[in-house]
2 protein chains.
Amino acid sequence: MTEYDVLLADCPARTTLELISGSWMIVVLVGLAHGPQRYSDLQRRAGGITKKMLTQTLAKAVGSGLVVRPDRRGGAYALSALGDSLLVPLTALTTWAETHADELAEL
Amino acid sequence: MTEYDVLLADCPARTTLELISGSWMIVVLVGLAHGPQRYSDLQRRAGGITKKMLTQTLAKAVGSGLVVRPDRRGGAYALSALGDSLLVPLTALTTWAETHADELAEL
DNA sequence: CAGTATCCTATCGGATACTG
DNA sequence: CAGTATCCGATAGGATACTG
């Protein structure tokens, strides 16, 4: 196997990396970790995010299939099964960030 | 414990997320995974990266302490102990990306 | 409450050309 | 080989005001 390799320029996995590039996607996905939430609850949870970035980030997340809206016609946002599986490595990453934040040198 | 929470606006862990935001930092770090490498080897390895982005990304990586240059006075670039520890969650993420790339919907 | 619409700035990122 | 210097367009992201 090992069909894909993120080091290769034309690898589809690069698309995934671009999806979480920008600081907000990870935060929003982690914000949805403990269950479906409505827009304003999510905005409160993802500290510091503006409506613009929340809307934009959710649009990308829904568009890519990481997030769904159980009752369309607008309701809460929730992680899809795919989004939920992505949460595993993402949580490992945020845990690392929380643990080693103090060890990073200032730029 | 649990001093830091990436969901909080002023959390230092956010700095880490910003560090890997942009598509190239992850690719460069993974590119250094199997050992120290010189500039042009790394450019070849990180498929598609331009000199500009490689230089810029390496500068951020070195500045934050994730990457070091064993023999300063210019030589190869290598992961620091910190960078190496970050590689663990990063590899989990890229593996996810490689495994689930085909399941993501087109935007 | 849940967005949409503007405006504006800073950074990302590619292309290209140049230097020691 | 290992960068630096420019120029350029596209995107990220914040602030603010407006809508149903």
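What's counted below: heavy atoms across the whole structure, side chains too, no hydrogens, waters or symmetry copies. In what follows, every chain begins at residue 1, and chains take the letters A, B, ... in the order their sequences are listed.
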| task | From the options C/dG14, C/dC1, C/dG3, select the nucleotide whose nearest atom is closest to the side chain of A/K51. | result | C/dG3

| said: Of the options D/dA15, D/dC7, D/dA12, whose atoms approach the side-chain atoms of A/M53 most closely? | reply: D/dA12

| task | Output, in order, the C-alpha distance, side-chain angles, deciding distance and verdict of side-chain contact (heavy atoms from CB on, under 4.5 Å) for A/L58 and A/L42. | result | CA-CA 10 Å; A/L58 282 171; A/L42 193 50; 3.9 Å; yes

Rounded to the Å, how far apart are [X] [atom1] and [N] [atom2]?
X     : N      : atom1 : atom2 : value
A/L54 : D/dG14 : CG    : C1'   : 14 Å
A/D71 : C/dA2  : CG    : C1'   : 14 Å
A/K60 : D/dA10 : NZ    : C1'   : 13 Å
A/I49 : D/dG13 : CD1   : P     : 9 Å
B/Q43 : D/dT4  : CD    : P     : 13 Å

Taking only N and O in the side chain of [X], is any of them less than 4.0 Å away from OP1 or OP2 of [N]?
X     : N      : result
B/W24 : C/dT11 : no
A/S40 : C/dA2  : yes
B/Q56 : C/dC12 : yes
A/R44 : C/dA2  : no
B/R38 : D/dA2  : yes
B/Y39 : D/dT4  : no
B/S23 : C/dG13 : yes

| said: Let me spell it out: for each of A/S21 and A/R69, pick the nucleotide of DNA chain C with the closest heavy atom. Which residue's pick is nearer the 5' end? | reply: A/R69

| said: Heavy-atom nearest nucleotide on DNA chain C for B/E18 versus A/D41: which residue maps closer to 5'? | reply: A/D41

| request: Locate the shortest heavy-atom distance separating B/Y77 from B/L32; write the atom from each residue and the value. | output: O-CD2, 3.4 Å

| Minimum heavy-atom distance between B/A46 and B/V27, given as atom pair plus value | CB-CG1, 3.7 Å

| In Watson-Crick or G-U wobble terms, both distances under 3.5 Å, what is the partner of D/dG20? | C/dC1

| query | Can you check side-chain contact (heavy atoms from CB on, under 4.5 Å) on B/L93 and A/L93, steps first, answer last? | reply | CA-CA 8 Å; B/L93 183 59; A/L93 183 59; 4.2 Å; yes

| note | Exactly one of B/T95, B/T94, B/D102 clears side-chain hydrogen bond (donor to acceptor under 3.5 Å, both in side chains) with A/Y4, and that residue is B/D102

